[in-house]
Each structure stands twice: as structure tokens, then as C-alpha cells.
Undergrad: 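Can you read through this structure? Questions will come right after.
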Amino acid sequence: MKSIIVTGASSGIGYATAEMFLKNGWRVGLVARRADRLNALAAEYENAVALPADVTDPAAMETAFDTFGYLDVLFNNAGLFGPAGPIDELSLEGWNEVMQVNINGMFISARLAFARMRRQESGGRIINNGSLSAHVPRPGSVCYTMSKHAVTGLTRALSLDGRPFNIACGQIDIGNAESELVAGLKAANPQMDTMDVVHAASSVLHMAQMPAEANVQFMTVMATKMPYIGRG
């Protein structure tokens with residue numbers, strides 16, 4: 001049975017992706033802070049393992065990875081949008097919160113996955129959740145946009161550094177999948193074009209199922225009528 005850890009698995013894209021993999025017979029490690037949501041999902045599937053942990057806590061994350069064991073794929077997904085507005089109206093506290101989760105949290109998860117995969121003969125695969133904001137930002141999204149550009153750098157670096165160890169790294173950049181994050185944005189802009197989050201989840205599954213000799217390094221999945229300019 002193939003195995004994957006999904007971070008941010010308690011809601012949104014993470015939850016939909018975890019459920020997609022569970023339905024396709026994968027053993028899935030569910031990582032997020034909300035233990036109640038993880039336990040509820042794990043109760044529905046015998047191939048699910050609830051691993052409550054904060055992605056910014058190195059010790060808790062190491063315990064989660066050790067508990068789960070052998071790992072074929074990491075979906076490095078946990079993230080938050082954070083405060084919105086012109087840069088001079090944003091607090092350093094808000095900025096630091098976004099960087100802690102979107103950069104430090106993804107680094108911690110990737111580091112743990114890489115360490116395990118390099119010791120495995122079969123290697124492994126890391127899939128980072130980027131965003132269209134890694135290409136074109138939304139107005140007032142400087143914290144989120146900077147963090148997602150950093151994720152692209154992580155993907156490129158791991159793609160190179162993973163080669164000697166048979167570790168592939170790819171990134172999915174998702175635009176306007178129906179999730180809690182997008183729901184808040186849509187409430188302020190009811191005309192926003194969106195897509196069912198299941199399409200994002202099935203795209204991650206496609207990337208994860210690639211054979212070892214192939215890699216989707218970058219994939220963009222977005223609502224069909226979603227313009228790039230100003231609404232990344």
C-alpha cells in the first residue's frame with residue numbers, strides 16, 4: 001500500500017486531498033492542529049492515521065513522521081493567507097505568523113520527509129502546495145505572495161538536491177478552489193470564479209502516482225474563467 005502524509009489535512013485542499021487518497025487505497029497520515037477533525041476522518045477509513053501536530057513545531061512533527069513510518073509521498077500543504085492590505089498597514093506579528101506556517105512549516109515538513117526518503121531504496125516524492133500568487137498576486141497579499149515565492153524556491157532546490165537520492169519534488173499552484181480560505185475571499189467578491197476543490201485533490205493524486213522516472217515539477221490548476229491579472 002502506498003503511503004502519503006498530508007499536512008493541513010483538517011480542512012480545505014488538505015482535507016479534500018487526504019480523502020481522495022484514502023478512497024484510492026493509500027495509507028494516509030493526517031497532520032494538522034485540529035485533532036477532532038483528523039480523528040473524525042480517521043474513524044471513517046482504516047487506512048487513515050491521525051497525527052495531530054503543529055507544522056511549526058519541529059519536535060511534534062518529528063514525532064508525527066516517526067509514528068507514521070515508511071513514506072512514499074509528502075503533500076506539503078499547510079498554509080494560511082494571513083493579514084491583507086497595503087504593506088505599511090500590516091503588523092510584524094501578522095507577517096511573522098504567515099512566515100512561520102508558510103515557510104518554516106513547509107521547511108520542517110520537507111526536511112523530515114527528505115531525511116526519511118534518502119534512507120529508502122525507493123526514494124520518494126515531495127509535492128509542495130504553492131499558489132497562483134507565486135506567479136501573480138492578489139491585491140493586498142504581500143505576506144502570502146512573498147511566502148509562496150519562497151515555496152517555489154524550495155521546490156526548485158529540492159528537485160535538484162533530491163536527484164542523487166531518487167527523491168522527486170513538484171509543486172501544484174492552485175487558483176480559486178472552493179475552500180475555507182477562498183470562501184472568505186468570495187464573500188467579499190461574489191462574482192469570483194471558483195472550482196470544486198476535488199479538482200485540486202485529483203491533480204495532486206495524479207502527481208503522486210507518476211512513476212519514479214517521471215515528475216510533474218510544476219502544475220497549475222485554476223478555475224477556468226479566473227483571470228491572472230490582479231486575482232492570482
Side-chain angles (χ1 to χ4, degrees), residues 3-9 11-18 20-21 26 28-32 53-56 58 61 64-65 68 71-82 98-118 123-137 141 143-163 165-175 177 179 181 197 199-210 212 214-222 232:
S3 62
I4 183 172
I5 284 179
V6 178
T7 66
S11 63
I13 292 168
Y15 186 95
T17 301
M20 175 72 69
F21 277 81
W26 287 58
V28 181
L30 310 170
V31 172
D54 185 331
V55 294
T56 68
M61 289 299 291
F65 274 71
F68 189 67
L71 181 64
D72 290 299
V73 178
L74 165 68
F75 181 38
N76 208 2
N77 165 73
L80 60 98
F81 191 79
V98 175
M99 297 308 114
Q100 260 305 96
V101 176
N102 293 11
I103 297 181
N104 289 352
M106 294 195 87
F107 175 87
I108 289 167
S109 298
R111 181 173 180 269
L112 288 165
F114 197 98
R116 281 149 182 75
M117 291 173 180
R118 72 181 292 179
R125 189 179 303 271
I126 296 170
I127 302 172
N128 294 323
N129 190 353
S131 169
L132 289 188
S133 288
H135 306 277
V136 178
S141 66
C143 298
Y144 185 75
T145 297
M146 287 186 69
S147 72
K148 290 304 182 178
H149 274 73
V151 172
T152 298
L154 175 66
T155 300
R156 294 188 185 281
L158 293 184
S159 294
L160 181 62
D161 294 346
R163 290 177 181 178
F165 311 109
N166 297 316
I167 300 172
C169 185
Q171 178 170 317
I172 184 165
D173 294 323
I174 300 168
S179 65
L181 188 154
V197 70
H199 302 306
S202 62
S203 297
V204 178
L205 179 64
H206 168 72
M207 295 172 73
Q209 289 179 328
M210 296 294 287
N215 183 39
V216 178
Q217 189 174 35
F218 290 97
M219 177 188 285
T220 300
V221 181
M222 58 186 278

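These figures come from a predicted structure and were not determined experimentally.
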Undergrad: Would a distance-only check, ignoring hydrogens and angles, find a side-chain to backbone donor-acceptor pair under 3.5 Å from D54 to T56?
TA: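 The answer is yes, because a donor-acceptor pair under 3.5 Å joins these two groups.
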Undergrad: Compute whether any side-chain donor of one residue and acceptor of the other, for N77 and T7, lie under 3.5 angstrom apart.
TA: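 Per modelled atom types, N77 and T7 side chains form no pair under 3.5 Å.
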Undergrad: I would like to know whether M146 and I103 meet side-chain contact (heavy atoms from CB on, under 4.5 Å); could you show each step before the answer?
TA: CA-CA 10 Å; M146 287 186 69; I103 297 181; over 6 Å; no
Undergrad: Whether the side chain of N102 engages the backbone of L80 through a donor-acceptor N/O pair (distance < 3.5 Å, no angle test) should be reported.
TA: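 Judged by distance alone, yes, a pair lies under 3.5 Å.
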Undergrad: Do you know the tightest heavy-atom contact between V98 and G82?
TA: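 In terms of heavy atoms, the two residues are closest at CG2-CA, 3.5 Å.
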Undergrad: Please say whether more than 12 non-hydrogen atoms of neighbouring residues, nucleotides or ligands are located less than 6.0 Å from CE in M219.
TA: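 Count over threshold, so yes.
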Undergrad: I need the M207 CE to C169 SG distance, nearest 0.5 Å.
TA: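 Between M207 CE and C169 SG, I get 8.5 Å after rounding to 0.5 Å.
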Undergrad: Do the side chains of V55 and M61 get nearer than 4.5 Å, heavy atoms only?
TA: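 Yes; the side chains approach each other to less than 4.5 Å.
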Undergrad: How far does OG of S3 sit from CG of D72, to the nearest 0.5 angstrom?
TA: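 One finds 4.0 Å between OG of S3 and CG of D72.
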Undergrad: What's the spacing between T17 OG1 and F75 CZ if we round to 0.5 Å?
TA: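 Atom-to-atom, T17:OG1 and F75:CZ are 4.5 Å apart.
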Undergrad: OG/S202 to CD/Q209 distance, rounded to the nearest 0.5 angstrom?
TA: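 Reported value, rounded in 0.5 Å steps: 10.0 Å.
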Undergrad: Check whether R156 reaches the backbone of T152 with its side chain - one donor and one acceptor, N or O, closer than 3.5 Å.
TA: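 Pair absent, no side-chain N/O of R156 close to backbone of T152.
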Undergrad: Should N215 and M210 be marked as a side-chain contact (heavy atoms from CB on, under 4.5 Å) after you check the CA-CA gap, both sets of side-chain angles, and the distance that decides it?
TA: CA-CA 6 Å; N215 183 39; M210 296 294 287; over 6 Å; no
Undergrad: Is it the case that atom CZ in F218 sees more than 12 heavy atoms from other parts of the structure closer than 6.0 Å?
TA: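 Yes, CZ of F218 has more than 12 neighbouring heavy atoms, counting only those of other groups under 6.0 Å.
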Undergrad: Closest heavy-atom contact between S131 and H135?
TA: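 Heavy-atom minimum between the residues: O-CD2, 3.8 Å.
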Undergrad: Please step through side-chain contact (heavy atoms from CB on, under 4.5 Å) for the pair T220 and L132, ending with a clear verdict.
TA: CA-CA 8 Å; T220 300; L132 289 188; 3.3 Å; yes
Undergrad: Ignoring hydrogens, what is the shortest heavy-atom contact between L205 and M20? Give both atom names and the distance.
TA: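 Smallest interatomic distance, heavy atoms only, reads CD2-CG, 4.0 Å.
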Undergrad: Looking at every heavy atom in both S159 and Q217, which two are closest together, and how far apart are they?
TA: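 Answer, listing the atom of S159 first, then Q217: OG-NE2, 3.0 Å.
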Undergrad: Atom CD1 in I126, atom CG in L74: separation rounded to 0.5 Å?
TA: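 Here the rounded value is 6.0 Å.
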Undergrad: Closest approach of I172 and A200, non-hydrogen atoms and distance?
TA: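 Answer, listing the atom of I172 first, then A200: CD1-O, 4.0 Å.
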Undergrad: Does any N or O in the side chain of S109 come within less than 3.5 Å of the main-chain N or O of M106, such that one atom is a donor and the other an acceptor?
TA: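 Not confirmed, S109 side chain does not pair with M106 backbone.
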Undergrad: Going from CG on L154 to CG on N128, what distance comes out if it is rounded to the nearest 0.5 angstrom?
TA: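 So the gap between those two atoms works out to 4.5 Å.
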Undergrad: Evaluate the side-chain contact (heavy atoms from CB on, under 4.5 Å) criterion for residues V73 and W26: first the C-alpha distance (whole Å), next the side-chain angles of each, then the deciding distance (0.1 Å), finally the verdict.
TA: CA-CA 10 Å; V73 178; W26 287 58; 3.8 Å; yes
Undergrad: Answer whether the closest heavy-atom distance between the side chains of Y15 and V197 falls below 4.5 Å.
TA: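 Not in contact.
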Undergrad: What pair of heavy atoms forms the shortest contact from A18 to A9, and how long is it?
TA: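 Closest approach of A18 to A9: CB-CB, 4.5 Å.
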